[in-house]
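Quick notes on the structure that follows.
Letters go in sequence order (proteins before strands), and every chain restarts at 1. Since we're looking at a predicted model, the values are computed, not measured.
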Protein chains: 2
Amino acid sequence: MIYHDIKSDSLSETELKILSAARKIFIRKGLDGARMQEIANEAGINKALVHYYFRNKQKLFEAVFTEVFRNFLPQISGVLKSEIPLTDKIEAIVGKYIDFLQKNPYLPMFVMNEINRNPDKLANLLKSNGIEPEDITGQIKNGLDNIELRDIKPEHLIVNILSLCIFPFAAKSMIEKFLFKGDLKKFNAFFNERKSEVTRFIINSIVKQ
Amino acid sequence: MIYHDIKSDSLSETELKILSAARKIFIRKGLDGARMQEIANEAGINKALVHYYFRNKQKLFEAVFTEVFRNFLPQISGVLKSEIPLTDKIEAIVGKYIDFLQKNPYLPMFVMNEINRNPDKLANLLKSNGIEPEDITGQIKNGLDNIELRDIKPEHLIVNILSLCIFPFAAKSMIEKFLFKGDLKKFNAFFNERKSEVTRFIINSIVKQ
DNA sequence: AATTGGTTTAACCAAACGGTCAAAAATAAA
DNA sequence: TTTATTTTTGACCGTTTGGTTAAACCAATT
């Protein structure tokens, strides 16, 4: 079943091979840096076959981009909708984010590049996955009222949480080289610590004590 | 005076026009996305002239990249070396960073893309500007000992500070669209608040009280 | 065995690209 | 003014790139 404009649920083996190869290449090299020939080679097929299933580079990229979020967004959405205290929710979000990014460390740069190229796309993708800014800010406002927390605007808290989770992966190789001078042991230990460290850092900052 | 391999202090008007045009194009479109013809057009000159002064695309990119940091790094270096309490130092660093990035909002993505392409380059550039990881971690360790601060590994504190300062600019357009739905008034107010907000967020998190 | 329809391939194409070159134009030196 | 040097240009080149096409392949149906 060819892709072109209509989405299909059952993907052939070849389509899966193409998507997997395209994901790998696009994420590492970006839209401009990726080569259709390279994607075909990675998938072990002829280049024309890539065009046969996905028509052109842009359409293939879109397919990869939306596929990447189909697994992750429902997880985040689930945590956001759950009825737990704000601090627990923060811990859960940070955990999910860092877990996911440890498995997909190249994703932040991939996504952020696409955000700057087309800011509406991800915003719409979030909304179509039931993630609405008003829901989140509203929940945070309630959470801040109910317990003894410092006043902080929800928008800043959201951006701070995302910053602390996402940025280190975007700057990963730099941190490795500059901060740990290539010592992979210390470097990996650092990234393993971040889940609890970031949670603690945020909670400390907003809890009155 | 042509560039090629030897750096020169006195740059001709044409060289400055090229560098300025290249900065604009490279920062917006990246190394792969930028076109030499586009840079020449932006500078209002012939494409061959760009090659005459900077030989090739890679060399021109390097020139732009290093030039970008020649203004900024000395500022950071100055603050780091100053003998002031850790909390004041954090406030100064956050201030310098956010001030600089408000004037150069496209820079984070530009730099982060290059970091992932060539992690050593920026690490070396930092060191050649007298910014050494041991100095910074050492200073933070001392700062944490001297006053009543929570224990936090210096590496985490450094990465947290950079995350909170840099990431929001990399995700700027996304924040505008999703969080503020294109309301530029609220959006600008948000970014103006961040300098004090980020400082407060970090200090709150590390000060015992 | 022949037909049909989807799949895969090798060969090919036009456009775009980074880069070169010889000559013209402008500037400096004699 | 003439000569030498540097700067600027238009035309050009080889390669790479995304994309197309016609034919080959293959499995299922009749």
* Given atom OH of Y52(A) and atom P of dG5(C), what is their separation to the nearest angstrom? -> 13 Å

* Could you state the NZ-P distance from K17(B) to dT7(D), rounded to the nearest angstrom? -> 14 Å

* Distance under 6.0 Å and angle within 45° of ring axis: K172(A) vs F191(A) -> yes

* Asked: Does E62(A) come within less than 4.0 Å of K59(A), counting only side-chain N to carboxylate O?
  -> no

* **Integer-rounded Å distance: dG19(D) P and K59(A) NZ** => 10 Å

* To do: Measure centre to centre between the rings of F110(A) and F26(A), then say whether the value is under 6.0 Å.
  => no

* To do: Determine whether more than 12 heavy atoms belonging to other residues, nucleotides or ligands lie under 6.0 Å from atom NZ of K121(B).
  => yes

Nucleotide N/O to protein N/O under 3.5 Å, stretch nucleotides 22-27 of chain C:
none

* For this output row, return yes or no: ring centroids of F65(A) and F69(A) closer than 6.0 angstrom. => yes

* To do: Give the B/S/- string for nucleotides 13-19 of chain C, one per nucleotide from 5' to 3', where a protein heavy atom under 4.0 Å of the base yields B, of only the sugar-phosphate yields S, and otherwise -.
  => ----SBB

* Indicate whether OP1 or OP2 belonging to dT8(C) is found under 4.0 Å from a side-chain N or O atom of Y53(A). => yes

* Cation-pi geometry met for K153(A) and F190(B) (6.0 Å, 45°) -> no

* Asked: Taking only N and O in the side chain of N46(B), is any of them less than 4.0 Å away from OP1 or OP2 of dG10(D)?
  -> yes

* Would you mind reading off the bend of the helix from dA1(C)-dT30(D) to dA30(C)-dT1(D) from its two end axes, five pairs each, to 10 degrees? => 10°

* Distance test, side-chain N/O of T14(A) to OP1/OP2 of dT8(C), below 4.0 Å -> yes

